[in-house]
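Let me begin by presenting the structure, written as structure tokens, before commenting on it.
Since we're looking at a predicted model, the values are computed, not measured. Throughout, a chain's letter reflects where its sequence line sits, starting with A, and its residues are numbered from 1.
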Amino acid sequence: MTHPFLERMHGFGSSDAIVFDGTTYGYDDLLALTALWRRRLAAVGVEPGGVVALEGPYSADCCAAFLALIERGAIVVPLSDPPPGRRAEFHDIAQVEYVITVDGGRHGPARTGRRAAHELYGRLPAGGLVLFSSGTTGHSKASVLDLAKVLGRYGEPARPRRTLSFLNLDHIGGVNTLLHTLSQGGTVITVPDRTPDGVLAAIAAHRAEVLPTTPTFLTMLLVTGAVTRHDTSALRLVTYGTEPMPAATLRRITEAFPGVRFKQTYGLSELGILPTRSRGDATPWVKLGDAGFDHKIVDGVLWIRSDMAMLGYLNAPAPFDADGYFDTQDMVEVDGEWVRILGRRSEIINVGGEKVYPSEVESVLLEVPNVADAIARGRPSPVTGMVVEATVKLVEPEDERAVARRVREHCGRRLEPYKVPAVVGVSDADQHSGRFKKLRSAA
Amino acid sequence: MLTGNDVRTVVDREITALLAEATGESGPVGPADGLYDLGLDSLLLARLVITLEGELGVDPFAEGASIADVRTPDDLTAAYERALTS
């Protein structure tokens, strides 16, 4: 029996499904590749509920394997690019039973010899998804999602759009982009490298209409000047999430892309992607979606209940309360029905009892001429407990003392004194992860 | 090796520079003047401690000294001298 999701895809005929490495694959091509993987799964005897790691770059073949695993009712563990040396650890945590590798050739499914027996896996009647958090230090938490609930979010085909897939299949954002786009008969455009020029060149070449991305990446589009080098006339919508948006970036990017709508999303691998409505293009205030979601704010912290929430973590206790709300650890400000994400509770810098959100300081740092990117974090002080320490990346080389003076002068005009960085350093290092999210813990 | 006079010179210089940047003016720094009276609030004092660590290579307050015992440039100089000789 064909899975309803694949059944729907048959109706899209030969229209464009996926662009990979400059080649366009129609829905018919993708389904043919899926059939090939269906046979491979059957040949090895992958059973419904079998735990399968799917490894390799984002390609039509990889997506086809993913679809075949969904159809099979397997528990998919997408590992597009595990951190160095952690692949074996991830296999152990997820109790991976089979490995599929799609890296130009097709390998597997190969049995690992393990038998998965996690209690959460027993609660997945129609397949599951295991996503690892991107903790760069310490341990990554593995969320277990019910694939039937994830797929249940996608309604009838209404708007086929050409969407650039910014995030990989090992991230809830990447999975959501793929499944949502395919459920609508749209086209997923993958990029081999997530550089500002690479992404914008793909938008130009394949007429992408939607770019789901992160505030950090939008900042990079501006500071590298990439926005001025490519034809982005097809672009209609930019969605951004995963971290607070610096006001300076939002203002400048809306000017750089006139006619493009900007929309904030709120997504966590534990909960799925919440639809939001922005109060306006250049504002961080949003209304959180209510279809399938519900939220409450306790002591300034956002708690969310989601129909497609994970069942739990494989390797940590799940922070749900008795009513099923999940502690996002994000601090928010509320204005009637609008909320504004301030930042992670754990990232608050406490300066003499005053709270400082790194994102607010970073937003102001980005206004300083010659500053390409900026990180604000806390530094212990015997006087005030903590002070704000800023590390900036420059566009052009400049004397460090001169930079520090200009930064403090500018921040002094724009911020309360306790928010002004007491220490300003210059670094050439990248200040974001491979997924273009701020790395405040980086040295 | 920094002598007591050197430490004193650095302390005075950095206090003057901080006050000049923060208030646009700074007069002479007397050894027994109250730091707070000179215009150093908690945020400027926090910055001063970080700057002095950079200049002198030690942070006495991470090594047991208490900032609460520091009232004057003299006290501050003594704290750094002790840390440098210990």
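Only the side chain of B/Ile67 comes within less than 4.5 Å of a heavy atom in chain A; its backbone stays farther off. No part of A/Val420 comes within reach of chain B, as not one of its non-hydrogen atoms sits under 4.5 angstrom from that chain.
For NZ of A/Lys355, the number of neighbouring non-hydrogen atoms (other residues, nucleotides, ligands) closer than 6.0 Å is 12 at most. Other residues, nucleotides and ligands contribute over 12 non-hydrogen atoms within 6.0 Å of the CG atom of A/Asp399. The 12-atom threshold is exceeded at CG of A/Asp335, counting heavy atoms of other residues, nucleotides or ligands nearer than 6.0 Å.
A/Tyr313 is linked by a ring pair (Phe, Tyr, Trp, His ring centres under 6.0 Å) to nothing, counting only residues two or more places apart in sequence or in another chain.
For the atom pair CD of A/Glu416 and CG of B/Leu43, the computed distance is 11.0 Å after rounding to the nearest 0.5 Å.
Taking 4.5 Å as the heavy-atom cut-off, the residues of residues 378-389 of chain A that approach chain B are A/Arg379, A/Ser381, A/Pro382, A/Val383, A/Thr384, A/Val387, ordered by number.
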> Stepwise, does the salt bridge (charged side-chain N to carboxylate O under 4.0 Å, His left out) test hold for A/Arg405 with B/Glu21?
Replying inline: CA-CA 9 Å; A/Arg405 196 168 52 242; B/Glu21 185 191 313; over 6 Å; no
